[in-house]
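Notes follow once the structure below has been shown.
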Amino acid sequence: MFFSQKKILGLDIGTSSIKLAELESGRRGLTLNRFAIVPISPGLVAGGEIVDSAGVTAAIEMALRQAKTKRKHVATGMWGTSVIVKKISMPRMDENVIAEQIKWEAEQYIPFDVNEISLEHHILKSMRSGGENMDVLLVAAKQEFVFRYLETVEASGLKCSCIDVAGFALANCFEFNYGITGEITALLNIGAGVTNFVVVDRGEIIFSRDVAVGGHTYTSDINKSMGVSIAEAEALKISASMGQEVPEEVNSVIASTNDSVVDELRNSFEFFSATTGGASIQKFYVTGGSIYVPGLVEAVSKATGIPFEVMDPFLKVDTNHRAIPPDYLAQIKPLAAVVLGLAMRKVGDS
Ligand SMILES: Nc1ncnc2c1ncn2[C@@H]1O[C@H](COP(=O)(O)OP(=O)(O)OP(=O)(O)O)[C@@H](O)[C@H]1O
Ligand SMILES: [Mg+2]
């Protein structure tokens with residue numbers, strides 16, 4: 001081959017840590033060769049916005065040193081307030097005139113100035129046939145936020161080949177591992193600051209929204225109710241989640257925070273149904289560091305009446321055991337879905 005292969009890394013900039021993953025594609029499929037996770041201080045990334053660009057760049061540099069990768073190109077994902085994903089219905093039209101029309105449509109649906117946003121669209125295939133209308137997924141990000149991501153990532157010496165949406169990367173990782181299922185399936189990545197909530201149907205993303213609840217909601221509630229520091233509150237939460245002995249108040253704060261977090265998540269299930277003509281989710285998969293919060297996932301299942309399964313992002317991904325020993329793999333499993341979905345983006349492409 002004479003063309004160069006641009007192999008990429010996945011880079012997930014989260015609220016509590018930066019994750020970096022390198023996949024190698026071979027005859028037997030994908031292998032995870034390198035992985036790094038670097039915690040970041042609270043406040044550097046908030047609601048999907050990079051607040052402290054220099055601080056995040058430093059964390060990315062540290063992740064690169066840890067991973068010892070030679071790759072220079074990355075796919076990263078935006079989320080939260082920096083990006084909006086919305087399904088709209090518009091009159092059926094030729095694909096080549098859609099882009100222009102989309103801009104007008106976006107003006108009605110997107111609360112940003114259309115001249116200051118990057119806009120993309122995906123026509124939903126499952127909805128393509130028949131009818132006078134077609135469904136289109138609009139993805140809009142304020143250019144200012146896109147530039148901030150670019151600037152922050154590229155200051156570490158990397159080149160951004162792809163700026164994705166975290167929820168889409170989650171769906172990508174799911175599809176790679178589980179294939180295209182016949183059920184309408186929700187994917188919940190319950191992180192620290194956010195829960196990425198995505199619904200897939202026959203291999204297509206039909207809904208994506210980031211809900212502003214996650215592990216930090218618990219830490220912050222423990223901090224407020226018990227008057228302990230954020231770091232202590234975080235440690236108490238983790239101990240409680242691992243079944244260790246903690247003051248009774250920790251468990252009662254977690255239980256009451258569960259109620260409000262579950263309410264928020266149930267609202268998303270209901271919002272999905274209300275905006276999709278009553279379509280019902282048949283199953284949901286969970287991932288993210290906060291799936292270990294005692295009682296949380298079970299309560300979401302109870303409140304929605306929908307069964308769940310814990311997603312395994314490595315179901316069909318091999319690992320290089322020398323670089324990633326089994327106990328380390330077990331630790332990163334709930335944290336890796338988005339970064340793997342990003343790392344899968346262009347693996348092997350020219
Ligand atoms: N054993 C555990 N028990 C309870 N919570 C945990 C445990 N391990 C990690 N967490 C929580 O998971 C969160 C980190 O998960 P994750 O790495 O998925 O989030 P993130 O990607 O940094 O954040 P976000 O996706 O919200 O931007 C933290 O809030 C952390 O407290
Ligand atoms: Mg995350």
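When a ligand or atom number is given, it counts from 1 through the structure's own listing order. Only heavy atoms go into these numbers, but all of them, side chains included; no hydrogens, no water, no symmetry mates. Since the structure is predicted, the reported quantities are computational estimates derived from the model, not experimental observations. The chain is numbered in sequence order, starting from 1.
A salt bridge links Lys159 to Glu154: one of the charged nitrogens lies within less than 4.0 Å of a carboxylate oxygen. A salt bridge links Glu24 with Arg71: the distance from a Lys NZ or Arg NE/NH1/NH2 to an Asp or Glu carboxylate oxygen falls below 4.0 Å. A salt bridge does not link Lys142 with Glu116: none of the charged nitrogens is closer than 4.0 Å to a carboxylate oxygen.
A cation-pi arrangement is absent between Lys86 and Tyr109 under the rule of less than 6.0 angstrom and at most 45 degrees off the ring axis.
Here Thr69 pairs with Glu22 under the side chain to side chain donor-acceptor pair (under 3.5 Å) rule; sequence neighbours left out.
Closer than 4.0 angstrom to ligand 1 sit non-hydrogen atoms from Gly14, Thr15, Ser16, Ser17, Lys19, Trp79, Gly191, Ala192, Gly193, Val194, Gly215, His216, Glu234, Lys237, Ile238, Ser241, Gly288, Gly289, Ser290, Tyr292, Leu335.
Ring-centre distance between Phe308 and Tyr285: not below the 6.0 Å cut-off.
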